[in-house]
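One structure is given below, encoded as structure tokens.
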Amino acid sequence: MELVKNFKVEKILNQDQVAHSIVLLGTCPHTDGALNSGEEASGDRVQSILILKKTAFSQETVSQIAWDRIETIQSNDIYHILLGWLHSSRVDADVKIDLISPATATHIRKYSQQTLKVVSETPELYRSIVKPYIDSFPPERTSWVDNILSYKSEAEKILYEDDDWIIVPDFKWNLQDVETLYLQAITRRSDLKSLRDIRPTHLAMLKQIRRAAYSVVKRWGIEQGGLRLYVHYQPSYYHFHVHIVQVNYIGFSGTSIGQAHLLDDVISLLEVDGAQSPSIFERMTLTYTLGQLHGLYDSMTHASAQEEL
């Protein structure tokens, strides 16, 4: 189409790192009927918007990757991040590659397409079903976390640390695009597995994580109110951590209602609840979604159904 061929870029209106799209403002040649909707014109050209989206991968696309030109970004235990090129002559990488090897059955379930269902976890169901499930995982499941905390891996990437926790870049961030900034604050305490283990005594730690997060991101020009800090339940791994994401980075499953709990809300609940015992997260019913291949799906969906009877 001639209009597209003659589009001249003026500026970028928007970029979506999740959808892999870009919206451009520019001009196209004036054509008959071009000004019937209030468009602005300059000479023989009219303002126009061009939206570009990367197409989905196919088996053919994968076969075109220049596997002899792969650049490793980082590796930690079984997790590896690389950059790949569809044509070895290109300057910029075309694909970001995440490799998990060896992958466990849990990994395979996590990354498989699956149907979701909402479940409500009462304190009783947590004690009878969820906690035994969490406790069943071998220590090797979080070896990569231990590697970070013991400085065996990614020591040079630690952005902040104290005696109780550290802040490091998340594997999902390419360390370049501020729009997709993604960090994690990870506790050094192995006894804190999830949100269920958080008590009023941890308030000071949570508030310090919030303060330190904003201190860290000043180097990228992010000001107060420019972050979304949240805790997952259920989390992807059972070692307490806080997600720290650039506030405009949205559209991916990790920010979904039913999984993400804002750190500000967690802090507020602890403050409102005071020193009561058991604490608020021991007494609350937590509602969230589970995929049909999740290890808790069968037992929790059955138990939730029974609770409704």
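Just so we're clear, the structure is a prediction, and the values are computed from it rather than from any experiment.
- Residues His202 and Arg189 are in side-chain contact: their nearest non-hydrogen atoms beyond the backbone lie under 4.5 Å apart.
- Residues Phe281 and Met205 share a single hydrophobic cluster, defined by chaining ILVMFWY side chains whose heavy atoms lie under 4.5 Å apart.
- The aromatic rings of Tyr230 and Tyr182 stand perpendicular to each other, their planes meeting at an angle above 60°, with 30° marking the opposite boundary.
- Listed by chain and residue number, Phe137, His294 satisfy the ring pair (Phe, Tyr, Trp, His ring centres under 6.0 Å) test with Tyr133 (two or more places apart in sequence, or in another chain).
- In this structure a side-chain-to-backbone donor-acceptor pair under 3.5 Å is present from Tyr214 to Gly225.
- Of all heavy-atom pairs spanning Leu183 and Pro169, the tightest one is CD2-CA, 3.8 Å.
- Criterion: ILVMFWY side-chain heavy atoms under 4.5 Å apart, direct or through other members. Under it, Val168 and Val231 are not part of a common hydrophobic cluster.
- Between Ile70 and Leu83, every side-chain heavy-atom pair lies at or beyond the 4.5 Å cut-off.
- In the hydrophobic clustering of ILVMFWY residues, with side-chain heavy atoms under 4.5 Å counting as a link, Ile73 and Leu181 come out apart.
- Follow the hydrophobic side-chain contacts under 4.5 Å out from Leu175 and you reach Val216 in the same cluster.
- In this structure, the side chain of Gln259 does not engage the main chain of Tyr233 through any donor-acceptor pair within 3.5 Å.
- When atom types are taken as modelled, the side chain of Asn6 and the backbone of Cys28 share no donor-acceptor pair closer than 3.5 angstrom.
- With contacts defined as side-chain heavy-atom distances shorter than 4.5 Å, the pair His80/Ile97 does not qualify.
- Side-chain contact between Asn147 and Asp77: present, with at least one pair of heavy atoms (C-beta onward) separated by less than 4.5 Å.
- Leu52 CG to Ser21 OG: the interatomic distance, rounded to the nearest 0.5 Å, is 8.5 Å.
- At least one side-chain heavy atom of Leu86 sits under 4.5 Å from a side-chain heavy atom of Ile65.
- Ile244 and Ala213 make their closest contact through CD1-CB, 3.9 Å (heavy atoms, listed as atom of the first residue, atom of the second, distance).
- By the 4.0 Å N-to-carboxylate-O rule, Glu271 lies close enough to Lys207 to be salt-bridged with it.
- Ring geometry for Tyr79 versus Trp144: interplanar angle over 60°, hence perpendicular rather than tilted (30 to 60°).
- Considering only residues two or more places apart in sequence or on other chains, Tyr237 meets the side chain to side chain donor-acceptor pair (under 3.5 Å) condition with Gln184, His241.
- Without hydrogens or angle criteria, Thr301 side chain to Asp298 main chain gives a donor-acceptor distance under 3.5 Å.
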Could you walk me through whether Glu282 and Arg199 satisfy the salt bridge (Lys or Arg N to Asp or Glu O under 4.0 Å) test, starting with their C-alpha distance in whole Å, then the side-chain angles of each, then the deciding distance to 0.1 Å, before giving a yes or no? CA-CA 9 Å; Glu282 293 177 280; Arg199 307 287 183 263; 3.3 Å; yes
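- Judged by distance alone, with hydrogens and angles left aside, the side-chain atoms of Ser48 form a donor-acceptor pair with the main-chain N or O of Val46 at under 3.5 Å.
- Between the side chain of Glu161 and the backbone N or O of Ile167, no donor-acceptor pair lies under 3.5 Å.
- Leu195 and Val145 fall into different hydrophobic clusters, where Ile, Leu, Val, Met, Phe, Trp and Tyr residues are linked whenever their side-chain heavy atoms come under 4.5 Å apart, directly or through other members.
- Although no hydrogens or angles enter the test, the distance criterion places no donor-acceptor pair under 3.5 Å between the side chain of Ser256 and the main chain of Gly258.
- With salt bridges taken as basic N to acidic carboxylate O contacts below 4.0 Å, one links Arg210 and Asp264.
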Step by step, would you call Thr115 with Gln292 a side-chain hydrogen bond (donor to acceptor under 3.5 Å, both in side chains)? CA-CA 6 Å; Thr115 301; Gln292 67 189 95; 3.1 Å; yes
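- Side-chain atoms of Lys172 and Thr180, non-hydrogen and from C-beta on, never get closer than 4.5 Å to each other.
- Between Trp165 and Tyr160, the distance separating the two ring centers is shorter than 6.0 angstrom.
- A cation-pi arrangement is found for Arg69 relative to Trp85, the charged atom lying closer than 6.0 Å to the ring centre and inside a 45° cone about the ring normal.
- With hydrogens and angles disregarded, a donor-acceptor distance shorter than 3.5 Å links the side chain of Ser150 to the backbone of Asp146.
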Worked check of salt bridge (Lys or Arg N to Asp or Glu O under 4.0 Å) between Asp135 and Lys193: CA-CA 9 Å; Asp135 292 341; Lys193 304 292 186 181; over 6 Å; no
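- A 4.5 Å side-chain heavy-atom check between Leu125 and Val130 finds every atom pair outside the cut-off.
- For the atom pair Leu262 CG and Arg228 CZ, the distance stands at 7.5 Å (nearest 0.5 Å).
- The side-chain tip of Arg196 points at the ring of Tyr126 from less than 6.0 angstrom away and within 45° of straight on.
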Using the side-chain contact (heavy atoms from CB on, under 4.5 Å) rule, take Ile198 and Leu270 through it: C-alpha gap first, then chi angles, then the decisive distance, then the call. CA-CA 9 Å; Ile198 296 301; Leu270 291 170; 3.7 Å; yes
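- Proximity of a side-chain donor or acceptor of Lys131 to a complementary backbone N or O of Ser128 within less than 3.5 Å is not detected.
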Go through it in stages, so that I can follow the logic: the residues are Arg109 and Thr106, the test is side-chain hydrogen bond (donor to acceptor under 3.5 Å, both in side chains), and I'd like the CA-CA distance, side-chain angles, deciding distance and then a yes or no. CA-CA 5 Å; Arg109 289 195 297 268; Thr106 301; 3.3 Å; yes
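- Two residues are said to be in side-chain contact when any heavy atoms from C-beta on lie closer than 4.5 Å; Asn76 and Lys152 fail this criterion.
- Side-chain N/O atoms of Thr285 and Ser120 include no donor and acceptor closer than 3.5 Å.
- Side-chain atoms of Ser268 do not come within 3.5 Å of backbone N or O of Asp265 as any donor-acceptor pair.
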Quick one, Tyr288 with Gln234, criterion side-chain hydrogen bond (donor to acceptor under 3.5 Å, both in side chains). Give me CA distance, side-chain angles, the key distance, then yes/no. CA-CA 7 Å; Tyr288 51 86; Gln234 295 287 330; 3.2 Å; yes
